[in-house]
Every structure is written in C-alpha cells, then in structure tokens.
Amino acid sequence: MIALVCESSTLLGSVALFKEHQLLAYRESLRQGSHTNVINMYVEDVLKTANIKLSEVDLFVSGIGPGSFTGIRISLNLIKTFAYCHGKSVLGINSLENLASQVAETPFPIVCMINAYKNMVYIAQYSNSSGILLQTKPPEVVRVQELVNYITHTCLVVGDGYAAYSQYLQPHTKAQINRPEQPHDEPKASAVAKLITSRSSQAIHWSNFLPLYLRASEAEEVQQGIKYQPLV
C-alpha cells in the first residue's frame, strides 16, 4: 500500500510518502508564511523522488488537528481533493497522537501539548501497552493555569505547548515532567507509518472527512463570553 501523508496543523509543514512501513520520501519546513506556499510543492517533490504518480497512491492521509484552524484546513482540503479526483479513501491522524507516536517506546505516560495560544494548550495523554499506543486521556483544551491538576504523576511531555508555557508551570508540576533527549515538539508526516498500518481499515470516504476542532473560532469565543486569562 502506498500512502501520501500531509501534516500542517502547527508551524511545521510536512509531506511524506510511504510504501507499507518504508518511508520513500519526505519534505518539511518551519512556516515562514502560509503552508499553502509549500505543501503542493512538497507533494510534487516526494512523488518525483519516489518515481510514483499521484494516481498510484492507495491512501491519502492528513493530520486533522488540533492546532491552527487555517493550517489544518490546508492539509485536509488538499488530501480531500486528491481523494476525490482519484476515487481513493482518506485517513485522519490527530496531531497529538502523532506527537505521542514519536516517543512511543518510553515507559512513562506521554502527555502531548500543542500551543492553543491565549494561554491554553491542546492536550491528551497516551501510554505504551506492549508496543501499542493507547489513549488514556482524550484531546481537550486546558488553560495553562489548570495544568497543575492535569499533570499529577511522572510523565514524558512533548509538544510546542510545553516550550511556550514551561516558565509558567508551578515547581511541583515541573518536577513531574520528563523531556526527551531530542525535541519532539511538532507533529510530522514522517511519524505515522505504524498508525497508518493499524488504522488502514478505518479509512473513510473523502466527503465524511472532518477536522478536529477543540476550540470555537475567536469570533465565536468572544460571542460566548470566553475571555483571555493572563498568566500571573
């Protein structure tokens, strides 16, 4: 099975091409502008590198968030378009699980944080059970001030949410946190080979493909009276 993967829910945009477990080609870059400027070019590059036509791809995969509303839509809409044009199925990988898969061998619970801005993080918790990545706490939005109630046991923390807000964590919260030797703070298209294999039976029709939005838009939050809470 050949799978094309796009991930653009955070500042890192990336495209990967897999044949079974083998990574055939990969491109990534930290965003200088919109991911729109590079994702299509990266798709063309990985296909050319692997000498594979878009019509030969069996499964189209996208990160579905949580993360940047605009970033998620760029990858999602591109993958849906490819699937529509070539009559293929799509698969969504949530971006927090993508982070967890990069450090899945750790014996510690894995807490994944993506910066949701306005002093909030998208967060979820995973664990490694006999080589299988299990979700132990579902994705949600948590205010930085409330992380003291979320992180109560020793864990491994990954994601740009930690880098953004670590200085505001209380000392006894930081004492529970381990960090990997190498940063794993951005979801990457190259990280999902095992997830694709285990989830291929969950592929769906492109028309049913939806993003994972955990927050309302800024305008909706204002309308609902949800206010920014400064860190002190």
Side-chain angles (χ1 to χ4, degrees), residues 7 9-12 14 30 63-69 71-72 91-199 202 211-216 221 226-232:
E7 168 59 63
S9 61
T10 65
L11 293 177
L12 186 78
S14 57
L30 283 171
I64 57 171
S68 160
F69 289 3
I72 295 167
L91 180 68
I93 302 292
N94 100 53
S95 304
L96 293 163
E97 188 172 19
N98 181 308
L99 285 171
S101 69
Q102 297 180 42
V103 291
E105 302 305 316
T106 181
F108 300 108
I110 305 165
V111 173
C112 303
M113 293 184 198
I114 291 175
N115 189 357
Y117 297 93
K118 293 192 173 181
N119 299 333
M120 292 181 282
V121 294
Y122 301 117
I123 194 167
Q125 182 173 293
Y126 300 86
S127 65
N128 180 2
S129 176
S130 302
I132 299 174
L133 192 64
L134 300 177
Q135 177 183 280
T136 53
K137 289 185 180 180
E140 59 181 309
V141 182
V142 172
R143 295 187 183 277
V144 173
Q145 297 92 325
E146 297 168 2
L147 287 173
V148 63
N149 300 316
Y150 192 101
I151 299 175
T152 58
H153 298 88
T154 301
C155 61
L156 185 74
V157 173
V158 292
D160 67 353
Y162 177 83
Y165 297 114
S166 62
Q167 62 181 310
Y168 299 105
L169 298 180
Q170 297 187 22
H172 58 280
T173 301
K174 292 188 77 169
Q176 304 284 354
I177 292 174
N178 292 309
R179 290 277 283 164
E181 291 184 9
Q182 297 294 325
H184 293 274
D185 286 345
E186 302 287 350
K188 296 184 176 185
S190 59
V192 298
K194 289 184 179 180
L195 294 177
I196 292 172
T197 300
S198 64
R199 305 279 175 77
Q202 299 174 19
L212 178 60
Y213 290 153
L214 298 181
R215 286 179 56 193
E221 288 185 346
I226 300 173
K227 297 181 178 180
Y228 167 81
Q229 293 186 0
L231 295 168
V232 293

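Note that these values count all heavy atoms, side chains included, but never hydrogens, waters or copies made by symmetry.
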Ala163 to Asp185 - nearest heavy-atom pair and separation
CB-OD2, 4.4 Å
Under the criterion side chain to side chain contact (heavy atoms under 4.5 Å, CB included), I'd like the reasoning laid out for Tyr165 against Gln145: C-alpha separation, chi angles, the key distance, then a yes or no.
CA-CA 10 Å; Tyr165 297 114; Gln145 297 92 325; over 6 Å; no
When rounded to the nearest 0.5 Å, the distance separating CD1 of Ile177 from CG of Leu156 is 10.0 Å
When you look at NE2 of His172, are more than 12 heavy atoms from neighbouring residues, nucleotides or ligands closer to it than 6.0 Å?
yes
Is there a donor-acceptor pair closer than 3.5 Å between any side-chain N or O of Arg143 and the backbone N or O of Asn119?
no
I need the Ser68 OG to Tyr117 OH distance, nearest 0.5 Å.
8.0 Å
Could you tell me which non-hydrogen atom of Pro66 sits nearest to which non-hydrogen atom of Ile72, and how far apart they are?
C-CD1, 4.0 Å
If you look only at distance, which donor and acceptor atoms sit under 3.5 Å apart when one is on a side chain in residues 101-110 and the other is two or more places apart or in another chain?
residue : atom : partner : partner atom : Å
Ser101  : OG   : Asn98   : O            : 2.6
Ser101  : OG   : Ala191  : O            : 3.2
Gln102  : OE1  : His184  : ND1          : 3.2
Gln102  : NE2  : Asn98   : OD1          : 3.1
Gln102  : NE2  : Glu186  : O            : 3.0
Thr106  : OG1  : Phe108  : N            : 3.2

Applying side chain to side chain contact (heavy atoms under 4.5 Å, CB included) to Leu96 and Leu212, what does each step give before you reach the verdict?
CA-CA 11 Å; Leu96 293 163; Leu212 178 60; 5.9 Å; no
Over all heavy atoms of both residues, which pair between Cys112 and Leu99 is shortest? Give the atoms and the distance, please.
SG-CB, 3.9 Å
Any idea which heavy atoms bring Pro187 and Ser9 closest together, and the distance?
CG-OG, 3.8 Å
Is the backbone N or O of Gly161 less than 3.5 Å from a side-chain atom of Asn115, with the two atoms forming a donor-acceptor pair by type?
no
Does some side-chain heavy atom of Lys194 sit less than 4.5 Å from a side-chain heavy atom of Leu133?
no
Verdict with reasoning, Glu97 to Arg199, per side chain to side chain contact (heavy atoms under 4.5 Å, CB included)
CA-CA 13 Å; Glu97 188 172 19; Arg199 305 279 175 77; 2.4 Å; yes
Are the side chains of Tyr122 and Val141 in touch, meaning some heavy atoms are under 4.5 Å apart?
yes
Are side-chain heavy atoms of Leu169 and Tyr162 found at a separation under 4.5 Å?
yes
Report yes or no: do Glu7 and Ser14 form a side-chain donor-acceptor pair below 3.5 Å?
no
On a heavy-atom basis, the closest approach of Gln176 and Ile151 is CB-CG2, 4.0 Å
Going from SG on Cys155 to CZ on Arg179, what distance comes out if it is rounded to the nearest 0.5 angstrom?
11.0 Å
Tyr213: which residues meet the ring pair (Phe, Tyr, Trp, His ring centres under 6.0 Å) condition with it, sequence neighbours left out?
Phe69
Carefully, step by step, assess Leu12 and Asp160 under the rule side chain to side chain contact (heavy atoms under 4.5 Å, CB included).
CA-CA 11 Å; Leu12 186 78; Asp160 67 353; over 6 Å; no
In this structure, NZ of Lys174 is separated from CD of Gln167 (nearest 0.5 Å) by 8.5 Å
What's the shortest heavy-atom distance between Leu214 and Glu140, and which atoms?
CD1-N, 3.6 Å
Nearest 0.5 Å please: distance from the CD atom of Gln202 over to the CG atom of Leu195.
10.5 Å
